[in-house]
Visitor: 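Below you will find the structure I want to go over with you.
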2 protein chains.
Amino acid sequence: MSKAELKKVSDTKITKFVKKGEAIFSEGEKLNGVYCVRDGVSKLSKLSPNGKDQIVKLATQGAVLGQRSVIAQETSNLSAVAVKDMEVCFIPKDIIEETLSSNPDFAVEVLRHMAHDLKEADDVIVNMSQKTVKQRVAEAFIYLRDNFGEDKEGYLSLTLSREDIANVVGTATESAIRIISDFKKLGLIKTSGKMIGIYDEKRLIEMAKGH
Amino acid sequence: MSKAELKKVSDTKITKFVKKGEAIFSEGEKLNGVYCVRDGVSKLSKLSPNGKDQIVKLATQGAVLGQRSVIAQETSNLSAVAVKDMEVCFIPKDIIEETLSSNPDFAVEVLRHMAHDLKEADDVIVNMSQKTVKQRVAEAFIYLRDNFGEDKEGYLSLTLSREDIANVVGTATESAIRIISDFKKLGLIKTSGKMIGIYDEKRLIEMAKGH
DNA sequence: CGAGGAATTGACACTATTCAAAAACTGTGG
DNA sequence: CCACAGTTTTTGAATAGTGTCAATTCCTCG
């Protein structure tokens, strides 16, 4: 973006704080702008017909929420709820649209970003359909560590409830719990309250591949 | 696109015919352009680590293949294979890139298109993770009819092998076969060779919702 | 300390994959 | 036109993987 555009954006942006558990927007809602994540983590989920919530993506610092819906000029197909206290800034739709149509570089940049998201979505589809729940749980832990890090004691920095883990993996909460319990018994992970830490990364990765 | 641009595209485009079963491009291949589907149908699939092919999308007339990879400047994450004799036209990467950066309207149009694909991918993720194989098979038949139509005898115009059906649904071939056989016994569908026709749409839709 | 939600566990029904074998179909060369 | 070889489609039976429901136990917060 040019300097003038950047200025316009920073003039109009509104910073918002969202507490863990609170929604930024919900499925079906009409969005009149996008939200940039400055801090914290949000889950993007979609309610399935059977009443369960499928988490499609976890978004953290640097991610932009609502982009897809604003560009497609549709209501949101996902809900965004904070899983860790957040600070987001809001950018009105008008600015996005205007910048898109006046600045090809910006459009291409957004395009690249969306192309990347699409590839990730394809990968998730393959994972969901071709891997067992056990493999997906193992994968989820690796993913959580790689994307959100771990504290000095080796526990994952992003702590999700067992239900959220199940919703990321796409399974029943009890199934996820049982597998976590198995992993612990096998010495692959350690737990402390709802916190989870990776013990034996190597074997966990093996597990994710199916062994 | 402007007239001049359109002309440039039609000057450089190369028409290609692809027979059923032949590949247009494969996973990991570097694409130096995109393919527009003028006729026929292609499956876009990704090989999973366990050796099975997951069909992510079926593309027909009007669809553009390879767009994502060209835009992201990456090798293709999917393979494209014809499931029905095809006619495609090739548009070199250079032209795409140039048009993207010079014509904001074109970029926005592509963006909208990709936003739509992304939403569809989200829906597929939810279906894969939250529905049973039986529901997904039922859904697949409805999808095939809605998108590819049926002949005068009521058989689906797009005939896929049982294996392809299983790969769309994300299950073992035998599982898909068994479910198809069940549906037939229940009077929901009829078959003739590998052709499949929908008998009782209403109950099939119920089935897709899970009853 | 008590209430209410979260996490865990057991038992059981149901779903789906796997391996093996039989039957049906397809194209080819005699 | 038929027989053969190679696929694809079907079916069976055994096994493994998941989901559901109900009952406890744990935790956390007011």
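Throughout, a chain's letter reflects where its sequence line sits, starting with A, and its residues are numbered from 1.
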Visitor: Starting at atom CD1 of A/Ile177, determine the distance to atom P of D/dA22, rounded to an integer number of angstrom.
Guide: 17 Å
Visitor: Taking only side-chain N and O atoms of B/Thr171, does any of them lie within less than 4.0 angstrom of OP1 or OP2 on C/dT17?
Guide: yes
Visitor: Using atom CD of A/Glu174 as one end and atom C1' of C/dA11 as the other, report the distance to the nearest whole Å.
Guide: 13 Å
Visitor: One thing to verify: whether A/Lys119 and B/Glu74 come together as a salt bridge, which I'm taking to mean a side-chain N less than 4.0 angstrom from a carboxylate O.
Guide: yes
Visitor: Between atom CZ in B/Arg136 and atom P in C/dT15, what is the gap in whole Å?
Guide: 13 Å
Visitor: Identify the pairs formed between an N or O of the protein and an N or O of nucleotides 24-30 of chain D at a distance under 3.5 Å, and give each distance.
Guide:
none

Visitor: Would you indicate which nucleotide in C/dT8, D/dT9, D/dT20 comes nearest to any side-chain atom of A/Lys52?
Guide: D/dT20
Visitor: Measure from NZ on B/Lys20 to P on C/dT26 and round the result to the nearest Å.
Guide: 11 Å
Visitor: How many whole angstroms separate atom CZ of A/Arg178 from atom P of C/dA6?
Guide: 18 Å
Visitor: Where each residue is assigned the nucleotide of DNA chain C containing its nearest heavy atom, which of A/Arg162 and A/Ser129 is assigned the position nearer the 5′ end?
Guide: A/Arg162
Visitor: In whole angstrom, give the distance that lies between atom CD1 of B/Ile165 and atom P of D/dT8.
Guide: 14 Å
Visitor: So that I can tick it off, tell me whether B/Lys46 and B/Glu27 are bridged by a salt bridge, with the cut-off set at under 4.0 angstrom between side-chain N and carboxylate O.
Guide: yes
Visitor: Assess, by modelled atom type and distance only, whether the side chains of A/Lys30 and A/Thr75 contain a donor and an acceptor separated by less than 3.5 Å.
Guide: no
Visitor: For DNA chain D, whose closest nucleotide is more 5', that of B/Ser161 or that of A/Lys134?
Guide: B/Ser161
Visitor: Would A/Glu120 and A/Lys57 pass as an ion pair if we require N to O under 4.0 Å?
Guide: yes
Visitor: Using the rule given for side-chain contact (heavy atoms from CB on, under 4.5 Å), can you reason through B/Val18 versus B/Asp85, listing the C-alpha separation, both sets of side-chain angles and the distance that settles it, and then say yes or no?
Guide: CA-CA 6 Å; B/Val18 186; B/Asp85 291 357; over 6 Å; no
Visitor: Does a nitrogen or oxygen in the side chain of A/Lys184 sit under 4.0 Å from OP1 or OP2 of C/dA7?
Guide: no
Visitor: Using atom CG of B/Asp182 as one end and atom P of C/dT15 as the other, report the distance to the nearest whole Å.
Guide: 11 Å
Visitor: Rounded to whole angstroms, how far apart are CD on A/Gln54 and P on D/dG19?
Guide: 11 Å
Visitor: Distance check: side-chain N/O of A/Lys194 vs OP1/OP2 of C/dA6, anything under 4.0 Å?
Guide: no
Visitor: On the ring face of B/Tyr155, is B/Lys190 found with NZ or CZ under 6.0 Å from the centre and within 45° of the axis?
Guide: yes
Visitor: Between B/Lys185 and A/Gly170, which has a closest nucleotide on DNA chain D that is more 5'?
Guide: B/Lys185
Visitor: Between B/Ser181 and D/dT10, does any side-chain N or O lie under 4.0 Å from OP1 or OP2?
Guide: no
Visitor: With a non-hydrogen cut-off below 4.0 angstrom, is B/Ser175 in contact with a base, only sugar-phosphate, or nothing?
Guide: base
Visitor: Tell me, do A/Ile55 and A/Leu44 make a side-chain contact under 4.5 Å, heavy atoms counted?
Guide: no
